[in-house]
Amino acid sequence: MHYHPELIEPKWRKLWDENQLYKVSNDSSKPKYYVLDMFPYPSGAGLHVGHPLGYIASDIYSRFKRLKGFNVLHPMGYDAFGLPAEQYAIQTGVHPAVSTDTNIKRYREQLDKIGFCYDWSREVKTSDPSYYKWTQWIFLRLFDHYYDLDENRALPISKLTKAFEVSGNTNVHAATGQQSTFSAAEWKEYSDAIKDQILMNYRLAYRKTSFVNWCEALGTVLANDEVKDGKSERGGFPVEKKAMLQWSLRITAYAERLLDELNDLEWTDSLKAMQRNWIGKSVGAQVFFQIQNRNENIEIFTTRPDTIFGATFMVLAPEHALVDVITTEDRKNEVGAYIDYVASRSDVDRLAEAKEVTGIFTGAYAVHPFTKKLIPIWLGEYVLKDYGTGAIMAVPSDDERDQIFAQKFGLDIIPVVDKAAYPQAGLHDKVGTMINSEFINGLEVKDAIEAVIKRLESLQIGARKVNYKLRDANFSRQRYWGEPFPIRYNSDGVSTSLEDSALPLTLPEIEDFKPASGGKSPLARDNDWVHQYDGYTLETDTMPGFAGSSWYFLRYMDPTNDAAFASKQAITYWRDVDVYIGGTEHAVGHLMYSRFWHKFLYDLGYVPTKEPFKKLINQGMITAYGYYASNLLFGMDDAILIGNAKDIDGELLNKNGRKYTGEGSPVRLPYILDYLDAQNRITKTKFDDYVHDIGHEYNVLSEHDRYSWVKDDEGQEYFTVNIVQEKMSKSKFNVQNPDEVVETYGADCFRMYEMFLGPIEQSKPWDTKGIDGVQKFLRKYWSLFFDENELAVQDSTPDKAEIKVLHTTIKKVSDDIERFSFNTCISAFMMCVNELKRLNTRSRAILEPLNVLLAPFAPYVTEELWQLCGHTTSVHNAAYPVFDPAAVEEEHDEYPICVNGKKRDIMEVPKGMSKNDIQHLAMSSDRVLKYVEGKEIQKVIVVPGRMINFVVKE
RNA sequence: GCCGAAGUGGUGGAAUUGGUAGACACGCUGGACUCAAAAUCCAGUGCUAGCGAUAGUGUGCGGGUUCGAGUCCCGCCUUCGGUACCA
């Protein structure tokens with residue numbers, strides 16, 4: 001009987017499903033364990049071979065934990081709201097819900113084939129009203145809370161309004177955008193509209209006019225982490241700054257906790273670093289500079305208050321609110337022109353000309369807080385509106401950018417830090433002695449910082465301050481395919497939330513998915529929907545993609561509950577995610593928002609843990625080889641294979657109907673191969689072989705070379721092309737589909753091969769070069785159980801050698817699974833099977849435990865063999881074999897004898913001998929003395945289990 | 001620029017605490033079986049020299065610590081990921 005995965009796998013898939021083998025209960029005496037995958041966005045391209053990498057790893061780990069006696073929650077779902085489905089709808093008119101469901105169905109089919117142990121009864125879909133009801137519900141809680149800095153947690157808005165009625169906002173210490181203060185009496189006099197506006201400055205979900213990343217091509221705004229290099233992450237369209245009335249989430253209120261509580265997590269250093277970087281905490285001082293002849297101050301933030309005596313001018317962001325106020329009459333025209341110029345420039349322009357310095361003098365002066373000297377106020381592009389206060393004191397002696405600015409515009413430079421004692425120090429290093437700085441002269445920088453802050457505070461013109469790079473998260477999208485906001489406005493524009501009982505507020509059915517006029521969501525065109533509440537209009541924006549994904553891991557705990565996002569009992573049992581597996585692309589987006597929402601829910605008492613994801617494993621990307629041949633290639637007269645670029649371009653367009661994107665772009669190898677094939681100039685295989693073998697050739701080329709030539713044995717030259725690794729995507733025609741692999745080799749083989757490729761956290765290119773080795777292993781494994789057509793497993797007593805092989809493998813595999821090193825597990829299995837094959841093992845006492853050990857990796861073949869061995873229950877419910885240390889112990893230890901670290905011989909030492917005894921035994925051994933050869937022994941080092949080393953004088 | 005990770009045979013990669021570097025697999029070479037192919041099995045395979053046992057050499061580069069370094073320390077180089085007029 002031979003191994004036939006195509007017969008085994010569908011059979012068990014069906015049986016497992018019928019028996020609900022993977023259904024998990026919320027009520028168990030076993031300890032809980034929660035293994036989570038980042039749920040996918042169901043795109044039209046289907047699953048590619050990169051997706052399952054993390055899923056397979058989490059599946060192996062879940063199955064392992066099950067066998068080890070845990071009640072394992074291992075669910076899967078879909079991040080189903082999102083832009084691509086809507087773009088597709090605009091182009092084709094197909095409703096996003098329809099295309100999304102089609103895609104989900106395809107994903108599900110693909111996932112099922114690979115044999116995952118998901119409990120599908122817990123599937124969630126963020127676009128499902130029964131799901132987004134609770135996304136909206138959490139949003140309403142955010143809307144209804146503010147962040148109290150005294151208690152350091154979220155509190156109800158009602159508490160805040162009570163405080164306002166007693167003493168205005170003067171005694172309120174909260175995370176807020178509120179600038180001005182008001183008294184209790186004033187508060188009571190305010191209209192509803194004003195009250196609404198003020199409360200918006202406190203709510204954790206709030207609406208304000210803000211400069212946002214507007215993407216014209218997508219017709220919507222984007223969050224900061226959805227913009228890369230001034231272009232949209234999805235689609236790569238240009239993004240500009242635009243002032244719009246937008247919903248935001250006050251994530252900044254949680255900045256300190258998001259930073260602090262990172263420390264307790266088992267995440268990689270690089271990921272923690274990314275989050276820290278994104279939060280961007282810096283400690284320094286705020287300082288108020290009075291404007292000459294005016295009753296107004298410019299507030300600045302600086303990390304170097306010590307250099308304040310070197311501040312010779314100030315620079316405001318061109319968008320700063322005070323610009324209009326302070327610009328003198330004679331400068332109005334020029335300043336206006338400059339502001340227009342800045343506004344006309346996109347982020348892309350700015351990035352492209354980063355080194356260019358621009359700026360303009362406003363005509364106004366500020367008064368230096370200590371010297372009382374007048375210093376000019378300038379505008380400059382390099383000061384960002386969104387960071388700090390949008391204004392700086394410029395210290396050209398100790399800041400590179402200020403220096404360039406001062407040099408260009410001829411402004412004063414006063415040195416204030418003497419770094420003579422620190423020749424290695426750079427401009428920004430906080431070391432040196434203060435000079436030209438009045439009361440801090442002679443102090444070291446560190447002490448000077450403290451002295452200045454103290455003085456600022458005593459004079460009440462500044463204070464110690466912590467600043468964060470993290471900004472509030474933009475939460476509005478002018479789109480159809482997202483969660484509607486459960487918010488309505490009355491005729492005065494005052495916002496109120498819908499009652500919880502009105503949730504879910506469902507999306508209306510519409511037919512035209514194009515954005516409505518004025519940068520509005522298509523929802524705005526549905527009058528009936530917008531005006532469904534008398535006297536009110538509903539908010540027509542929808543929530544962004546990260547809304548639904550910020551809490552989905554909680555819904556899995558109790559996915560069908562209609563009275564709560566999850567029952568208290570379910571949350572108390574499952575608590576948090578023990579292991580979370582996913583890619584680094586979500587390092588600062590999803591993982592930051594989820595932590596924020598979780599902390600908020602913690603403040604409100606809905607979840608028992610401060611952090612949602614205890615341990616995080618980052619799987620690397622599976623990339624595709626991209627083959628490029630430069631157009632340069634085609635210009636060469638003696639090119640033996642190729643005509644010219646246009647030639648190829650034109651022909652292939654006709655032949656394949658594929659679009660080749662333009663002049664100057666690299667041509668992909670498949671095109672060239674097709675072309676060459678058509679021309680009968682070279683066979684595909686031959687060319688492929690060459691391309692395959694040039695990895696090392698390529699290393700000797702400079703990065704600018706896109707091609708090279710290689711000679712074959714007869715001296716014939718062939719061209720080779722640049723090889724790169726790139727992300728798989730539909731647009732690049734490089735998607736490798738798992739289906740084909742599963743069909744050819746079987747799911748077990750596919751699973752093991754993906755794990756065998758290398759460590760899961762590493763990115764690597766997909767190729768099937770080594771998959772035969774894994775297939776060979778599975779056949780060999782299968783043949784351990786069979787003699788021709790007969791099951792050969794016997795109830796014989798295994799011998800010592802066999803037991804040793806088994807237990808060595810148990811130890812190695814169990815340890816390696818715990819540290820997510822699956823590639824070495826598979827090596828261990830291969831070695832084990834080779835050994836057992838050699839020993840001709842047929843004993844049940846060896847093969848059955850081994851089968852259980854392998855079950856997490858190859859669930860189908862192990863289940864089949866388990867049943868053939870006569871079991872009636874699933875191998876996936878079996879007990880994990882227990883490691884017996886005695887089984888692997890030798891009666892004798894073999895110690896290499898080394899002289900000065902070099903191995904000379906091997907000596908057998910009785911088991912359990914002490915280090916001292918081993919030393920004595922070695923010293924008296926003739927064999928050892930032969931190698932030491934009369935040289936004086938200085939030291940004998942016995943490394944337990946490793947070696948005996950004689951250190952001698954050479 | 002700053003932060004993080006990594007550089008090991010022809011290839012993917014092992015080496016968990018400083019202790020026989022190259023496990024396991026791919027590929028390649030030779031052989032067995034076969035009319036032949038596929039499949040399977042056996043042997044070899046870091047590099048250099050040698051028929052050979054063997055010797056020398058070898059983990060990006062240059063130093064250092066140690067009886068002993070892929071692993072630790074100092075100084076570089078390269079690649080990948082993140083981030084940036086961040087005050």
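Each chain gets a letter, A, B and so on, in the order its sequence line appears, and its residues count up from 1.
- For the pair A/M592 CE and B/rU83 P, the computed distance is 11 Å after rounding to whole Å.
- Sorted by first and then second residue, the salt bridge (charged side-chain N to carboxylate O under 4.0 Å, His left out) pairs with a member in residues 823-839 of chain A read A/E835-A/R838; sequence neighbours excluded.
- Of all the residues in residues 812-823 of chain A, A/K812, A/D816, A/R819, A/N823 reach under 4.0 Å from RNA chain B with at least one non-hydrogen atom.
- Partners of A/K812 according to the salt bridge (Lys or Arg N to Asp or Glu O under 4.0 Å) rule, which considers only residues two or more places apart in sequence or in another chain, are A/D816.
- For B/rG75, the glycosidic angle deviates from 0 by more than 90°, giving an anti base.
- Partners of A/K430 according to the salt bridge (Lys or Arg N to Asp or Glu O under 4.0 Å) rule, which considers only residues two or more places apart in sequence or in another chain, do not exist here.
- Contacts of A/F405 classified as ring-ring contact (aromatic ring centres under 6.0 Å, His included), with partners at least two apart in sequence or in another chain: A/F313, A/W378, A/Y382, A/F409.
- The phosphate of B/rA84 (OP1 or OP2) has no side-chain N or O of A/R401 nearer than 4.0 angstrom.
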Under a 3.5 Å cutoff on both atom distances, Watson-Crick or G-U, what's the dot-bracket for RNA chain B ([ ] crossing, | other strand)?
(((((((..(((......[....)))((((((.......))))))((((....))))..(((((..]....))))))))))))....

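- B/rU8 and B/rC3 are spaced 26 Å apart, taking the C1' atom of each and rounding to whole Å.
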Quick one: which protein N/O atoms are closer than 3.5 Å to N/O atoms of nucleotides 40-42 of chain B? Pair and distance per line, please.
unit_1: B/rU40; atom_1: OP1; unit_2: A/R779; atom_2: NH1; d: 3.2

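- By the salt bridge (Lys or Arg N to Asp or Glu O under 4.0 Å) test, A/K281 is found to be paired with A/E256, residues two or more places apart in sequence or in another chain being considered.
- Contact between the side-chain N/O atoms of A/N834 and the OP1/OP2 oxygens of B/rA25 is found at a separation under 4.0 Å.
- Residues forming a side-chain hydrogen bond (donor to acceptor under 3.5 Å, both in side chains) with A/K469 (at least two apart in sequence, or on another chain): A/N277.
- Sorted by residue number, the members of residues 751-760 of chain A with any non-hydrogen atom under 4.0 Å from RNA chain B read A/F756, A/L757, A/P759.
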Show each protein N/O and nucleotides 64-69 of chain B N/O combination with a separation under 3.5 Å, one pair to a line.
unit_1: B/rC67; atom_1: O2; unit_2: A/N949; atom_2: ND2; d: 2.1

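- B/rU54 and B/rA38 have their P atoms separated by 36 Å, given to the nearest Å.
- Between A/F777 and A/Y781, the two ring planes are parallel [angle under 30°; tilted spans 30° to 60°].
- For the ring-ring contact (aromatic ring centres under 6.0 Å, His included) test, residues two or more places apart in sequence or in another chain that qualify with A/F829 are A/F857.
- In terms of phosphate contacts, A/Q762 brings a side-chain nitrogen or oxygen within less than 4.0 Å of OP1 or OP2 of B/rG13.
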